Amino acid sequence: MRKCLGELIIVPYVCHMAFLRAEKKKSGTYLRIVASKKQAGKVSQQTLYSLGKVEDYTAAQLEAIAAKLLKHAGKSIDELLANSLKELARYNYGYPLLCRHLWRKFSLDRFFKKKLAGRKIKFDISDTLLLLLCERMSDPVSKLSTYRRQQDYIGIGEVGLQHCYRSLDFLADISVDLQDHLYHQQRDLFNITLDVVFYDVTTLYFDAQYPQGEDTLRQKGYSKDGKAHKLQVVLALLVDKQRNPVGYQLYPGNTYEGDTFKDGIKTLKERYQIDKVVIVADRGMLSEKNIDYILAAGYDYIIGERLKQLPTALQETLIDSSDHIPLAVTDTDEAFTYRTATHKGRKVVCTYSAKRAKKDAYERTKLVEKAQKLIDTPGLITQKQKKGAQKYISSASVQGADSSYQLDEQRIQRDRKYDGFLAISTSDDQLPVDQLLSQYNNLFEVEHAFRTLKSVIEIRPMFHWTDNRIRGHVALCFLAYTFINYLTKGLKISEPELQRILDKMQLSKVCNGEQEPFYLRAAIDQTTADMINKLTLVVPKDTSSQSVVNQMFT
């Protein structure tokens, strides 16, 4: 509509909100502040201000211009970002990053490629095993829960539930070769010489009580976990003096632990071709037959002797403190002495520790107190059991009653004379006593390995029921333990501290308005930075694009 006011003709139009337009040309990208207008039913754009080529500005200059414009609008960049940023998802990148790093460190990519040759496996078994390892090292759960929680990690391809189970079948098939490969890799990485091997056995129980078969691993037997009513398997483990795993073997749950030892010797002799090794184990592991196996293989041994089961004359000789030789004395209460003797062709060393004597006396006092409580409540006493506190209870026939109970003072006095004494035997009569004790005391290395497997990796309880899946599960846990042991030893940190560090390594996927989403990394503390530097890891920057993150985890 036109209105004529003398010579002035006014043409009304509607002016819309101004905006920034970037126009790409051959010479560069030009920035203009434009506004659209509607006149006579037509919409056109009007240039309000031309900023020139974007290439002529530095990033700081562009940011300053934006800040000035926002200031005039009564806002700030921080407020703008706060209103426009939105977290789409949050992932852990610590466990995938470390697992991929160790995957290459232990040459597992080459190993699995060789083992996969000729197999009809169409899914990515590496990604599947990496996911299983991440969960086993982080927060161990069932394979079903692992499948459901795979979105918690970044850098691992999508894994199907059936792939998790099929991966266990694959691990079961190659478990022996995997143990050999990890052993040789550790030998190269740590530059170790296998001269002392620690051997021990534990039991792993099942929560799912599927029917047992005659030829299955799952059997009932003596449980070291106090789960006598549950089916179990027996796990024998070999580790070196640096706690590095050497190998393992699975046996049916009703296998006597001493009967597993022959296989352990055979493994060392045939698979690792080691000429000179000292086997360190508890006395329960080494029967006279097992000792013969060790000597026949050309190895030496160090075992804990059951002092009270040695011939009486030998016992009296060994615990006669008047003939003991001081080994180390820090103060009067911490005297440490020893006495040696020969028994059945081996050197027996009996040591006395004042500190151990106090411990033995304290534990016996507790058992005697418990025994007295049982005597006061005789209905709780089980005649068939003479272990624990009940070994200090004796019964005597009383006229008019079945029996009465009292403390066995003779047994208490007999046990008291052994306070502080410990006997160890060795086939190497040239081994100095201090080295003998040091190597035997290091038997806790295999006990520590079992604690890590059970408490950190949670190898048990198991929820599988076929032998193949059981073997695959144990192989997975063995691999996870190898990774954890490598990291804790190299970084000189504990397992809980390692988990704390890796749990904090997170990435948030963030979107900012209509822009492409990007990743924002959580702050890195000094402990995490030290680990990153020591392992020479490449971690995401404070902000990273999707393509950069994709490249980092390939």
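This structure is a prediction, so every number in the text was calculated from the model and none was measured. Heavy-atom basis, side chains included; hydrogens, waters and symmetry copies ignored.
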Between [X] and [Y], is the ring centroid distance below 6.0 Å?
X	Y	value
F483	W103	no
Y352	F336	no
Y486	F106	yes
Y293	F261	no

Mind listing the closest non-hydrogen atom pair of [X] and [Y] along with its distance?
X	Y	result
L237	V446	O-CG2, 3.9 Å
A480	M137	CB-CG, 4.2 Å
K224	T203	N-OG1, 2.9 Å
T260	A236	OG1-CB, 4.2 Å
V246	D240	CG2-N, 3.8 Å
T426	R346	O-CB, 3.5 Å

For R364 and E369: C-alpha separation, side-chain torsions, deciding distance, then whether salt bridge (Lys or Arg N to Asp or Glu O under 4.0 Å) applies. CA-CA 9 Å; R364 186 179 56 260; E369 291 175 354; over 6 Å; no
I'd like to know if [X] pairs up with [Y] as an ion pair, taking the criterion as any Lys NZ or Arg NE/NH1/NH2 lying under 4.0 Å from an Asp or Glu carboxylate oxygen.
X	Y	answer
R356	D360	no
R149	E135	yes
R500	E497	yes

Using side-chain hydrogen bond (donor to acceptor under 3.5 Å, both in side chains), reason through N290 and Y301 one step at a time and then give a plain yes or no. CA-CA 10 Å; N290 285 337; Y301 62 82; over 6 Å; no
Relative to the ring of Y95, is the ring of Y153 parallel (under 30°), tilted (30 to 60°) or perpendicular (over 60°)? perpendicular
Please step through side-chain hydrogen bond (donor to acceptor under 3.5 Å, both in side chains) for the pair N92 and D503, ending with a clear verdict. CA-CA 7 Å; N92 178 278; D503 286 342; 4.9 Å; no
Assess the side chains of D282 and Y199: does a donor N or O sit below 3.5 Å from an acceptor N or O? no
Test item: side-chain donor near acceptor, K143 and H473, under 3.5 Å: yes
From [X] atom [atom1] to [Y] atom [atom2], the distance as rounded to the nearest 0.5 Å:
X	Y	atom1	atom2	value
N441	I424	CG	CD1	6.5 Å
F112	D177	CZ	CG	10.5 Å
L133	S138	CG	OG	12.0 Å

Could you walk me through whether D207 and R460 satisfy the salt bridge (Lys or Arg N to Asp or Glu O under 4.0 Å) test, starting with their C-alpha distance in whole Å, then the side-chain angles of each, then the deciding distance to 0.1 Å, before giving a yes or no? CA-CA 9 Å; D207 257 358; R460 56 83 174 111; over 6 Å; no
Test side chain to side chain contact (heavy atoms under 4.5 Å, CB included) on E447 and F444; report intermediate values, then the result. CA-CA 5 Å; E447 295 171 355; F444 81 90; 3.8 Å; yes
Mind checking side-chain hydrogen bond (donor to acceptor under 3.5 Å, both in side chains) for Y418 and listing every partner two or more places apart, or none if nothing turns up? Q315
Salt bridge (Lys or Arg N to Asp or Glu O under 4.0 Å) contacts touching residues 471-483 (sequence neighbours left out): none
Sorted by chain and residue number, the salt bridge (charged side-chain N to carboxylate O under 4.0 Å, His left out) partners of K227 (sequence neighbours excluded) come out as none
Do L507 and R90 come within less than 4.5 Å of each other through their side chains, counting heavy atoms only? no
Yes or no on salt bridge (Lys or Arg N to Asp or Glu O under 4.0 Å) for D525 and K504, after CA distance, side-chain angles and deciding distance? CA-CA 9 Å; D525 59 23; K504 293 175 64 177; 2.7 Å; yes
